[in-house]
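Working notes, structure below.
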2 protein chains.
Amino acid sequence: MYARPVDTRERLIESTRALLWERGYVGTSPKTIQERSGAGQGSMYHHFRGKADLALAAITRSAEEMRARAEAIFSGPGTPAQRIITYLRRERDVLRGCPVGRLTQDPDVMADPTLRRPVERTFVWLRARMTGLLAEAQAKGEIDSELDPAATATALVAVLQGGYVVARAAADAEVYAQAIDGALGMLAGHAR
Amino acid sequence: MYARPVDTRERLIESTRALLWERGYVGTSPKTIQERSGAGQGSMYHHFRGKADLALAAITRSAEEMRARAEAIFSGPGTPAQRIITYLRRERDVLRGCPVGRLTQDPDVMADPTLRRPVERTFVWLRARMTGLLAEAQAKGEIDSELDPAATATALVAVLQGGYVVARAAADAEVYAQAIDGALGMLAGHAR
DNA sequence: GTCTATATTACGATAGAC
DNA sequence: GTCTATCGTAATATAGAC
């Protein structure tokens, strides 16, 4: 990700993605975007109608990327339960947090239905996809069939997102790993 | 909480608390604080040195309140495991998120060691306190002694914090409840 | 303790030349 | 497509009267 973009429009989107990740929508100004992308005022307003329009392009791409990276693991090798574990344990930029999840804390993003939609859809999809994998794991007898797949999936996504929060609070990426370990430890009680 | 403050200094702190909760530090301006508190420019700069100084008072109080509310349940009636469940299921302003946890997403708060400290200490304390309760629950035979208390505690705090994230993404408080249900469902596999 | 006036810089966008 | 100039408003604070 973050391939070095060659054209101005592309650099604007990638710079905005990075800034939204670091500082959120409220904390990101057009001026900063222009400085980081190396594009001038005029270029930005030529390619996009304004801050919100550019943010939409950035958010949409980050959401797509997050989904694609997850799907690559979910549809990859291993049993369903193994793939979920692989996803939870995969290498992450923990202290930077989740580029999509952090937008849920941004009042101006959540207040704008257009900006909000990609965020909402990403998490709806992620929870549904993991629900399906958990159901598969149950069908294969990998995990206890008494677990509610949807609730368990939501809990696992929450551990992931909350893992970023507690790790950032501690300024220690290891705390994220501990949260995941704890969740998988609990899940292990239901393994067959 | 949010008792109606009578003096100006108090109104400034309470208004700042509310605004930090809604919009974060980056999204909150002194002007907005003055408007909401009914205090004038001069009053604010008389009582506090500036935005950061006022935010410190607000953050410190929110952190203390979060801790006190948790401790009231943790040291309350019921077995250790029951008290943890009571805490996770207690009524919450889910769609508003956690007033302390949300600050971990605020770049200017995390960059300032003084503002950052109360946030860090709150989560360190919360994880440690729940670790202790889980160890107690194990000693009483309430839950499986094979679970790592510290990792489990961190996972439960993460579910809570991540529960806010997924609920806000869905604009549905019920999603928070689902995350907690899922986590407790997993934990139930280790109940005795 | 509170008020108004003022200062400086940034924000977010538009206008129009090139 | 990109540049510079400009605009109106807001952010964050200081100065000094009352």
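Each chain gets a letter, A, B and so on, in the order its sequence line appears, and its residues count up from 1.
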Counting only side-chain nitrogens and oxygens, does A:T8 get under 4.0 Å of the OP1 or OP2 atom of D:dG1?
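No, because none of the side-chain N or O atoms of A:T8 sits under 4.0 Å from OP1 or OP2 of D:dG1.
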Please check the phosphate of D:dT2 (OP1 and OP2 only) for any side-chain N or O of A:H47 closer than 4.0 Å.
yes
Rounded distance (Å) that lies between atom [atom2] of [N] and atom [atom1] of [X]:
X     : N      : atom1 : atom2 : answer
A:Q41 : C:dA10 : CD    : P     : 14 Å
B:L19 : D:dA11 : CG    : C1'   : 14 Å
B:R11 : C:dG1  : CZ    : C1'   : 12 Å
A:L12 : D:dG1  : CG    : P     : 12 Å
B:H46 : D:dT14 : NE2   : P     : 15 Å
B:M44 : C:dG1  : CE    : C1'   : 15 Å

For [X], all residues meeting side-chain hydrogen bond (donor to acceptor under 3.5 Å, both in side chains), sequence neighbours excluded:
X      : result
B:H47  : none
A:R89  : A:D181
A:R102 : none

Residues forming a ring pair (Phe, Tyr, Trp, His ring centres under 6.0 Å) with B:F123, sequence neighbours excluded:
none
Atom CD in B:Q178, atom CZ in A:R127: separation rounded to 0.5 Å?
5.5 Å
Rounded to the nearest 0.5 Å, what separates atom CE in B:M66 from atom SG in B:C98?
4.0 Å
So B:R23 and B:T28, side-chain hydrogen bond (donor to acceptor under 3.5 Å, both in side chains) or not? Walk me through it.
CA-CA 6 Å; B:R23 302 198 40 86; B:T28 298; 5.4 Å; no
Among residues two or more places apart or on two chains, list those pairs meeting salt bridge (charged side-chain N to carboxylate O under 4.0 Å, His left out) that have a residue in [range].
range                       : answer
residues 146-165 of chain B : none
residues 71-88 of chain A   : A:E71-A:R129
residues 109-124 of chain B : B:R116-B:E120

For DNA chain D, the residues among residues 107-117 of chain B that have a non-hydrogen atom under 4.0 Å from it
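Correct list: empty, so none.
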Heavy atom of residues 50-58 of chain A under 4.0 Å from DNA chain D: which residues?
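Nucleic-acid contacts, sorted: none.
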Describe, in one word, how the ring planes of B:H190 and A:H190 are oriented to each other, choosing from parallel (under 30°), tilted (30 to 60°) and perpendicular (over 60°).
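Rings of B:H190 and A:H190: perpendicular, over 60°.
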Under 3.5 Å, N/O pairs linking protein and nucleotides 16-18 of chain D:
none

Cluster companions of B:V26 among Ile, Leu, Val, Met, Phe, Trp, Tyr (side-chain spacing under 4.5 Å):
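The other cluster members (ILVMFWY side chains, heavy atoms under 4.5 Å, direct or chained) are A:V26.
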Enclosure of B:R90 CZ (heavy-atom neighbours >12, cutoff 6.0 Å):
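Yes.
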Within residues 27-38 of chain A, residues whose heavy atoms come under 4.0 Å of DNA chain C
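Hits under 4.0 Å, by residue number: A:T28, A:S29, A:P30, A:K31.
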